[in-house]
2 protein chains.
Amino acid sequence: MKLEEEIKQEKFKSEHHKLMINLLFTSSWLHRLQLSVLRPYDLTPPQYNILRILRGAKGELLSLGEITNRMIDRSSNTSRLIDKLVIKKWVSRKTCSNDRRQSEIGITTEGLQVLGQLDGPIDSITEQFLFLSVKETKEVNQFLDQLRNQNLNQTI
Amino acid sequence: MKLEEEIKQEKFKSEHHKLMINLLFTSSWLHRLQLSVLRPYDLTPPQYNILRILRGAKGELLSLGEITNRMIDRSSNTSRLIDKLVIKKWVSRKTCSNDRRQSEIGITTEGLQVLGQLDGPIDSITEQFLFLSVKETKEVNQFLDQLRNQNLNQTI
DNA sequence: CTACATTAATTGTATATACATATATTTGCT
DNA sequence: AGCAAATATATGTATATACAATTAATGTAG
């Protein structure tokens with residue numbers, strides 16, 4: 001369905017305005033898709049994001065701040081998210097000995113196993129994007145990167 | 001900054017995978033932009049969305065379900081959001097006399113006033129999109145509409 | 001070396017979503 | 001009419017974000 005039908009709005013003020021709403025709407029849809037894949041594994045999207053970041057670090061331990069910097073949603077409350085992952089034993093956290101304000105966070109073997117099981121299902125979400133050519137995909141990526149670099153966003 | 005720099009990830013598995021992350025990341029950025037504009041008016045994005053829907057109805061009263069259908073975020077808990085807007089006196093709600101299960105919800109004069117004050121600031125967010133040509137904007141819109149209509153999403 | 005600012009992380013509280021369940025009303029079947 | 005199914009909304013509880021404030025450790029200026 002076109003966005004107009006989805007949200008029952010006959011027309012938008014401009015094509016640009018529609019694009020803004022479309023981005024938010026589509027991302028909400030994508031978020032629900034993620035949820036449905038992660039739910040059987042007792043993971044939420046931000047928790048999954050953290051596990052992916054830690055796996056990507058290839059054994060290197062990361063501080064909480066470093067994880068936050070790498071997250072898709074910057075406003076995540078990483079501290080409490082890590083708490084929950086530690087309880088599930090998918091993540092380890094200990095105080096950094098050099099700087100005792102920091103913590104050293106890593107993914108456990110169990111955490112890696114859960115991620116492994118999820119790789120397939122998550123890839124199948126990515127496959128939804130394959131109807132776009134690589135060239136088109138690059139163009140949309142470039143557009144999004146540019147969008148975030150207009151004047152106004154300096155203030156955010 | 002390119003997404004790679006934003007989330008400190010050197011490279012993505014594919015351009016399509018980057019696009020998926022980019023959509024989520026950019027929408028989160030857009031969300032924070034909205035928050036910063038709405039905050040001085042004591043509104044949140046979903047509450048603002050509801051006011052916009054009611055203004056768009058041009059005086060027609062809408063049921064709670066109808067509002068939900070028109071929202072950007074379908075999983076919003078409209079019932080409790082309306083509660084808060086009623087408390088602020090920006091929205092009115094009464095039981096529908098024909099079908100007492102439904103409610104008839106409308107925007108108040110005060111609600112319209114708040115919206116009026118916000119039109120400028122919100123438009124300035126939309127202006128961030130103007131660096132794209134109308135043709136390109138249409139293409140991205142079409143892409144997003146198509147994306148949501150691949151096989152998998154039937155299940156969601 | 002002490003006092004003050006800075007930094008890293010945690011915590012408190014309000015708002016919102018996710019999902020299941022409950023309540024009230026209406027519809028439809030016999 | 002009587003009763004089950006369907007519909008519209010509300011509520012309970014867990015998770016997460018938003019923003020402010022706090023705590024603990026470190027850095028630094030004098």
Side-chain angles (χ1 to χ4, degrees), chain A residues 24-25 27-51 61-88 91 93-105 156, chain B residues 24-25 27-51 61-88 91 93-105 156:
Chain A
L24 294 167
F25 183 82
S27 143
S28 163
W29 164 85
L30 198 53
H31 178 251
R32 286 195 303 278
L33 202 55
Q34 280 194 310
L35 274 179
S36 70
V37 168
L38 296 177
R39 170 152 263 275
Y41 298 86
D42 192 23
L43 270 174
T44 61
Q47 289 178 19
Y48 176 72
N49 192 203
I50 290 175
L51 292 185
L61 299 177
L62 301 180
S63 71
L64 195 137
E66 187 52 37
I67 292 174
T68 307
N69 284 336
R70 299 186 189 192
M71 286 186 75
I72 295 172
D73 190 336
R74 284 300 170 65
S75 35
S76 294
N77 190 328
T78 316
S79 190
R80 284 183 272 225
L81 291 168
I82 299 282
D83 285 347
K84 296 188 175 157
L85 290 169
V86 168
I87 289 171
K88 293 185 230 185
V91 149
R93 170 175 46 189
K94 68 183 197 70
T95 306
C96 172
S97 51
N98 286 1
D99 182 343
R100 302 205 351 258
R101 287 169 304 183
Q102 288 185 209
S103 41
E104 292 177 330
I105 299 161
I156 306 300
Chain B
L24 294 166
F25 183 81
S27 143
S28 163
W29 164 85
L30 198 52
H31 178 252
R32 285 196 301 280
L33 202 55
Q34 281 193 310
L35 274 179
S36 70
V37 168
L38 296 177
R39 169 152 263 275
Y41 297 86
D42 191 24
L43 270 174
T44 61
Q47 288 178 20
Y48 176 71
N49 191 203
I50 290 174
L51 291 185
L61 300 177
L62 300 181
S63 71
L64 195 138
E66 188 51 39
I67 292 174
T68 307
N69 284 336
R70 301 186 187 192
M71 286 186 74
I72 295 172
D73 190 336
R74 283 299 170 68
S75 35
S76 295
N77 190 328
T78 316
S79 189
R80 285 183 271 226
L81 290 169
I82 298 283
D83 285 347
K84 296 189 175 157
L85 290 168
V86 168
I87 289 171
K88 292 185 230 186
V91 149
R93 171 175 46 190
K94 68 183 196 71
T95 306
C96 172
S97 50
N98 285 1
D99 182 342
R100 303 209 346 261
R101 288 169 305 182
Q102 288 186 212
S103 41
E104 291 178 330
I105 299 160
I156 307 301

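None of these values were measured; they are calculated from a predicted model. Chain letters run A, B, ... following the sequence lines, proteins first, then strands; residues in each count from 1.
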What is the distance, to the nearest angstrom, from the [atom1] atom on [X] to the [atom2] atom on [N]?
X        : N      : atom1 : atom2 : result
B/Glu104 : D/dT9  : CD    : P     : 10 Å
A/Lys88  : D/dA14 : NZ    : P     : 14 Å
B/Leu43  : C/dA16 : CG    : C1'   : 14 Å
B/Ile87  : C/dT15 : CD1   : P     : 9 Å
A/Ile50  : D/dA16 : CD1   : P     : 9 Å
B/Gln102 : C/dT27 : CD    : P     : 10 Å
B/Asp42  : D/dA18 : CG    : P     : 16 Å
B/Leu81  : D/dT11 : CG    : C1'   : 14 Å

[N], OP1 or OP2 - any side-chain N/O from [X] closer than 4.0 Å?
X       : N      : value
B/His31 : D/dT17 : no
A/Gln47 : D/dA16 : yes
B/Arg93 : D/dA10 : yes
B/Thr44 : C/dT15 : no
B/Ser76 : C/dT17 : yes
A/Ser79 : C/dA9  : no
A/Lys84 : D/dA16 : yes

Distances under 3.5 Å only, N/O to N/O: pair up the protein atoms with those of nucleotides 19-22 of chain C.
residue, atom, partner, partner atom, Å
C/dC19, OP1, A/Arg39, NE, 3.3

How would you list all residue pairs meeting side-chain hydrogen bond (donor to acceptor under 3.5 Å, both in side chains) that involve residues 37-47 of chain A, not counting sequence neighbours?
A/Gln47-A/Lys88
Residue pair B/Pro46/B/Ser97 against DNA chain C: nearer the 5' end by closest nucleotide is B/Pro46
Listed pairs, N/O of protein and of nucleotides 1-3 of chain D, under 3.5 Å:
none

Heavy-atom pair of closest approach, residues [X] and [Y]:
X       : Y       : result
A/Ile72 : B/Phe25 : O-CD1, 3.1 Å
B/Leu64 : B/Ser79 : CD1-CA, 3.6 Å
B/Ser36 : B/Pro40 : O-CD, 3.5 Å

Remember a base hit wins even if backbone is also touched, and classify B/Thr78 as base, sugar-phosphate or nothing at under 4.0 Å, heavy atoms.
nothing
What's the closest nucleotide to the side chain of B/Asp99 if the choices are C/dT25, D/dA25, D/dA16?
C/dT25
Using the side chain to side chain donor-acceptor pair (under 3.5 Å) criterion, which residues pair with [X]? Sequence neighbours excluded.
X        : result
B/Ser27  : A/Ser27
A/Glu104 : A/Lys94
B/Thr68  : B/Thr78

Which of residues 65-75 of chain A have a heavy atom under 4.0 Å from DNA chain C?
A/Gly65
Set of side-chain contact (heavy atoms from CB on, under 4.5 Å) partners for [X], sequence neighbours left out:
X        : answer
A/Gln102 : A/Ser63, A/Cys96, A/Asp99
A/Ser75  : A/Asp73, B/Arg32
A/Arg80  : A/Asn77, A/Asp83

Taking side chain as C-beta onward, heavy atoms only, is [X] less than 4.5 Å from [Y]?
X       : Y       : result
A/Met71 : A/Pro46 : yes
B/Ile50 : B/Lys84 : no
A/Asn69 : A/Glu66 : yes

Would you sort out whether A/Val86 and A/Ile105 count as a side chain to side chain contact (heavy atoms under 4.5 Å, CB included), showing the intermediate values?
CA-CA 10 Å; A/Val86 168; A/Ile105 299 161; over 6 Å; no
Mind running side chain to side chain contact (heavy atoms under 4.5 Å, CB included) on A/Ile67 and A/Ile82 for me, showing each step along the way?
CA-CA 10 Å; A/Ile67 292 174; A/Ile82 299 282; 4.0 Å; yes
Between A/Arg100 and B/Ile105, the residue closer to the 5' end of DNA chain D by nearest nucleotide is B/Ile105
Close N or O pairs between protein and nucleotides 2-7 of chain C (under 3.5 Å):
residue, atom, partner, partner atom, Å
C/dT7, O2, A/Arg101, NH1, 3.0

